Number of protein chains: 2
Amino acid sequence: MTDARVAVTVDLVVLTVREHRLCALVWRRDRPPYAGAWSLPGGFVQLDEDLPVAAQRLMAERAGLAGVRVHLEQLATYGYPDRDPRQRVVSVAYLGLAPDLPASSRAQVLWEPVDDLTQRDQAAFDHRRILLDGVERARAKLEYSPLAAAFCPPEFTVAELRRVYEIVWGTPLDPRNFHRKVTKAEGFLVPTERTTTRDGGRPARLYRRGSAESLHPPMMRPAC
Amino acid sequence: MTDARVAVTVDLVVLTVREHRLCALVWRRDRPPYAGAWSLPGGFVQLDEDLPVAAQRLMAERAGLAGVRVHLEQLATYGYPDRDPRQRVVSVAYLGLAPDLPASSRAQVLWEPVDDLTQRDQAAFDHRRILLDGVERARAKLEYSPLAAAFCPPEFTVAELRRVYEIVWGTPLDPRNFHRKVTKAEGFLVPTERTTTRDGGRPARLYRRGSAESLHPPMMRPAC
DNA sequence: CTAATAGTGTCTGTAAGACAGTATTCA
DNA sequence: TGAATACTGTCTTACAGACACTATTAG
């Protein structure tokens, strides 16, 4: 029985919606390997540390998001032998969904549009694949879970929630049908007494996240 | 930067439908730790081995399913520090869906009903949790993917496919509505010229798996 | 013949998509 | 006032669920 020991890391795919684009939190690398490329924030798992704990810790230490309310879930694990040229590394990726935050407290960490990262810029290691997997997971999650609200501030309007769907899915949605569906979905939204005019026009009611963990019926992505 | 090295294993949740029950492939442990308990087949990842390759290898070596057509996908990774009393082990679990096979070639490996394993018998390590996660993944996959056919032989009838859904979901389905829905779903089933009377009654057409990777519209689990 | 299963058609309620129309704000 | 957005209602079509009915085998 081979008892090989390998380094285990956690890498973070942290997504948000900023300026009408889906963005991810990345480092700009200034030293080899992959100097000049972008990479996902991440780091080694410590010896007596559970994986979700490591993800939370790295969210603060490497993503600069200490004390921020972020949904975190395990995404997948990547471990082909040559993915890091220095040593064998098995990486457990976590997916985080965050509201639009002020710029990170660390200068090295930047929000970058996902499309630019995957289509234009050079990625370190297999981080392009991990990012694409995270984006696809987020797209799927919006269908059958209320996690779109994780991209919104604590109180938000139906139109803001709709823009999250439109940007993550990359497709326009009918505002009236969206409003009807989302307000009727059991446990998705809890209305507050307050309204806002930050979107212009007639004041819109503000909502909070409901307690539902899944949506019945699910939101359907168009063009299926 | 802590560079801790830990042992990495792959554990397999291999499911099938046998004798009208959802069953998993398990070992009966005859030595500590957890002597007398059941455990999932698995083993260490080798130093220059990719994770899916390790899963395939262990499917042959530890599950006794060499050369069998089994759907395999990554399930999740489990790594809390004390999950193995001997050493720190991070385990990448894979989910396998297999047709009803003749008994395994290894005497130590048995198909056991999932309900017995999770409700009655003692599990080693955190394998009860891993098994439950695998079963839940399988239940969800039947909704939006054509993977139910992975539980069937290469050619199967609509009734056999329906029984897979009924057993995995644990709920009866209307045979006529199921037939209509499943035969109209684009790319799910490919009809053959052959029929069978192995279920009794009027001969039923035999189908093969289609090429679709997802179902539109999805099959819906009742009681949602 | 009967029993059993395969497969089709029909009805009804619900929900999605399209979109008219009203409500309430700002400039 | 008009422009913009919020919200409600209506119509059509599609599909899920319930179930009547026909088709084809074995015994």
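We use all heavy atoms of the structure for the numbers below, so side chains are in, but hydrogens, waters and symmetry mates are not. Chain letters run A, B, ... following the sequence lines, proteins first, then strands; residues in each count from 1. Please read these numbers as outputs of a predicted model, since none were measured by experiment.
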Residues of residues 148-169 of chain A with a heavy atom under 4.0 Å from any atom of DNA chain C, listed by number, are none
**OP:** Would you indicate whether the side-chain heavy atoms of E73(A) and K141(A) approach each other to under 4.5 Å?
**Re:** yes
5'-most to 3'-most nt of DNA chain C touching chain A (<4.0 Å, heavy-atom partner on protein side) reads dA16(C) to dT25(C)
_Heavy atoms only, 4.0 Å cut-off, all strands: where does P175(A) land among base, sugar-phosphate and nothing?_
nothing
When rounded to whole Å, the CG to C1' distance for the pair N177(A) and dC11(D) reads 12 Å
Next on the checklist: Using ring centroids (six-membered ring only for Trp), state whether Y165(B) and F178(B) fall under 6.0 Å.
Outcome noted: yes
Open item on the list: Assess the residue pair Y78(A) and D11(A) against the criterion (side chain to side chain donor-acceptor pair (under 3.5 Å)); give the C-alpha distance rounded to whole Å, side-chain angles, the decisive distance to 0.1 Å, and a yes or no.
Closed with: CA-CA 10 Å; Y78(A) 301 82; D11(A) 286 321; over 6 Å; no
In this structure, OG1 of T196(B) is separated from CD of E160(B) (nearest 0.5 Å) by 7.0 Å
TODO: Would you indicate whether Q122(A), at its atom CD, is surrounded by more than 12 heavy atoms from other residues, nucleotides or ligands within a distance under 6.0 Å?
DONE: no
Scanning both residues in full, the closest heavy-atom pair of P146(B) with A212(B) reads CG-O, 3.1 Å
- Task: Begin with the C-alpha distance, continue with both residues' side-chain angles, and end with the deciding distance and a verdict on side chain to side chain donor-acceptor pair (under 3.5 Å) for S91(B) and T9(B).
- Result: CA-CA 5 Å; S91(B) 177; T9(B) 63; 3.2 Å; yes
What residues 182-213 of chain A contributes to the DNA chain C interface at heavy-atom separation below 4.0 Å is G201(A), R202(A), P203(A)
Rounded to whole Å, the CZ-P distance (R180(A) to dC11(D)) equals 14 Å
